[in-house]
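To start, the structure under review is shown below, and the notes come after it.
Remember, predicted model here, so these are calculated numbers, not experimental data. In this chain, residues are counted from 1 in sequence order.
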Amino acid sequence: ADWLAEWLPAQRSGRALELGAGTGVFTRKLLPWTGALTATDLAAAMCEQGRAGLPQVDWRVMRAEAPVSEPACDWVFSSSMLQWMDDPAAVFAAWREVLPIGGRVLAGLFAAGSLTELRALTGPGASPLHWRPPAEWDDALARGGLRRVRSEADTRVFYHDTALELLRSLHGVGAAPVTQVSAGRLRSLLREYEARHREERGVPASWEFYRFEAERVE
């Protein structure tokens, strides 16, 4: 969220729609905002928490795949949500419909290259996500009718005291890294992760961040 916020517009004004806002981690980066700022999430409970913490923002339950904005919005924002979408091009086409010509999208996501240490142990099919590289996201933008203005990828490594702490941190942000794995197998994976990857600084986890700004041109 901090990295994405570096690309926020200098003039934070107009009509803005944040999709997949959760409880408002990135929403806070948007403030102060002059104009109409609507933060949305699919989960009503997330919106309730967001509203409690940021009552000055208009919170609504909304699917990111089918946004609604009347009138059209100048900006669509999204942080750490798009990687969950099954059909990014269709999502971008839907976002295009709530933007006027010249309207912008600013988004950040987790791309292919994330959690490579863990995925090397779990093998294909264990992750709930289809991990896409930046080039695939760029292609989805074009197919969705949006012109990429700028983009950037960044690889970062974070360290945890234990593999279990890493797993708990992922669950804490709603990013369950594996599916259909028994408790016994999961314990085995955590032990193997420790054995393979522990360093003096702790247990590493690699992430590939991708941010982009795009525009509706017609």
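Looking at R156, its side chain never comes within 3.5 Å of a backbone N or O of W207 through a donor-acceptor pair. Without hydrogens or angle criteria, E215 side chain to G103 main chain gives no donor-acceptor distance under 3.5 Å. Judged purely by atom type and a 3.5 angstrom limit, R216 uses its side chain to pair as donor or acceptor with the backbone of R96. With E117 contributing its side chain and S206 its backbone, the two residues share a donor-acceptor pair below 3.5 Å. Judged by distance alone, the side chain of R132 and the main-chain N or O of F110 form no donor-acceptor pair under 3.5 Å. In this structure a side-chain-to-backbone donor-acceptor pair under 3.5 Å is present from R211 to W3. The main-chain N or O of L146 is never found under 3.5 Å from a side-chain atom of W95 such that the two would form a donor-acceptor pair.
When every heavy atom of R28 is checked against every heavy atom of G53, the shortest pair comes out as NH2-CA, 4.2 Å. Of all non-hydrogen atoms in A163 and V203, the two that sit nearest each other are N-CG2, 3.9 Å. Minimum interatomic distance between A1 and S79 (heavy atoms only, all atoms of both residues): CA-OG, 4.0 Å. Among all heavy-atom pairs drawn from P67 and V98, the shortest one is O-CG1, 3.6 Å. Minimum heavy-atom separation, A21 to T27: CB-OG1, 3.9 Å. Residues R12 and L30 approach most closely at CD-O, 3.6 Å, considering heavy atoms.
Figure legend: cation-pi geometry between R15 and W75 absent, as NZ or CZ is not positioned both under 6.0 Å from the six-membered ring centre and within 45° of its axis.
Within the 4.5 Å cutoff, side-chain heavy atoms of L167 are placed close to those of L186. In this structure, L121 and Y193 have side chains that are in contact, with non-hydrogen atoms separated by less than 4.5 Å. Using a 4.5 Å heavy-atom cutoff, the side chains of W131 and R119 are in contact. Residues L115 and L170 form a side-chain contact, since some pair of their non-hydrogen atoms from C-beta on lies under 4.5 Å apart. Side-chain contact between L54 and L31 is present, with heavy atoms from C-beta onward closer than 4.5 Å. In this structure, R143 and D139 have side chains that are in contact, with non-hydrogen atoms separated by less than 4.5 Å.
There is no path of hydrophobic side-chain contacts, each under 4.5 Å, that joins F26 to L42. Using a 4.5 Å cut-off between side-chain heavy atoms of Ile, Leu, Val, Met, Phe, Trp and Tyr, with links allowed through other members, L109 and L106 fall into different hydrophobic clusters. Both L17 and W84 are part of a single hydrophobic cluster, where members link through side-chain heavy atoms under 4.5 Å apart. Side-chain heavy atoms closer than 4.5 Å link hydrophobic residues (I, L, V, M, F, W, Y) into clusters, and following such links, even through other members, never connects W7 to L82. A continuous path of ILVMFWY side-chain contacts below 4.5 Å connects V68 to V76, so both sit in one hydrophobic cluster.
Taking CZ from R196 and CG from L118, the interatomic distance works out to 11.0 Å, rounded to the nearest 0.5 Å. Interatomic distance, CE of M62 versus CG of L19, reported as 7.0 Å (0.5 Å rounding). In this structure, the separation between CD on E152 and CG on L4 is 11.0 Å, given to the nearest 0.5 Å. Atom OG of residue S78 and atom CE of residue M85 lie 8.0 Å apart, to the nearest 0.5 angstrom. The CG atom of L99 lies 5.0 Å from the SG atom of C73; values are rounded to the nearest 0.5 Å. Note that CZ of R168 is 7.0 Å distant from OG1 of T162, once rounded to the nearest 0.5 Å.
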H130 and E136: CA distance, side-chain angles, deciding distance, side chain to side chain contact (heavy atoms under 4.5 Å, CB included) verdict: CA-CA 11 Å; H130 169 61; E136 193 170 329; 3.4 Å; yes
field: Criterion ring-ring contact (aromatic ring centres under 6.0 Å, His included) on W33 and F77, from CA distance to verdict
entry: CA-CA 13 Å; W33 188 272; F77 296 111; 5.7 Å; yes
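Few gaps surround CZ on R198; more than 12 heavy atoms of other groups in view lie less than 6.0 Å from it. Within a 6.0 Å radius of CZ in R60, other residues, nucleotides and ligands contribute 12 heavy atoms or fewer. In this structure, E199 places its CD atom where more than 12 heavy-atom neighbours from other residues, nucleotides or ligands lie under 6.0 Å away.
The one candidate from R148, R150, R147 that meets the side chain to side chain donor-acceptor pair (under 3.5 Å) condition with E213 is R150.
In the model, T38 has no side-chain atom that pairs as donor or acceptor with a side-chain atom of E18 under 3.5 Å. Side-chain polar atoms of E208 and S114 form no donor-acceptor pair below 3.5 angstrom.
Taking the six-membered ring for Trp and thresholds of 30 and 60 degrees, F92 and F212 have ring planes more than 60 degrees apart, a perpendicular arrangement.
Checked against a 6.0 Å centroid threshold, the rings of Y210 and W137 do not count as neighbours.
A salt bridge between D74 and R104 is absent, with no side-chain N of the basic residue lying under 4.0 Å from a carboxylate O of the acidic one.
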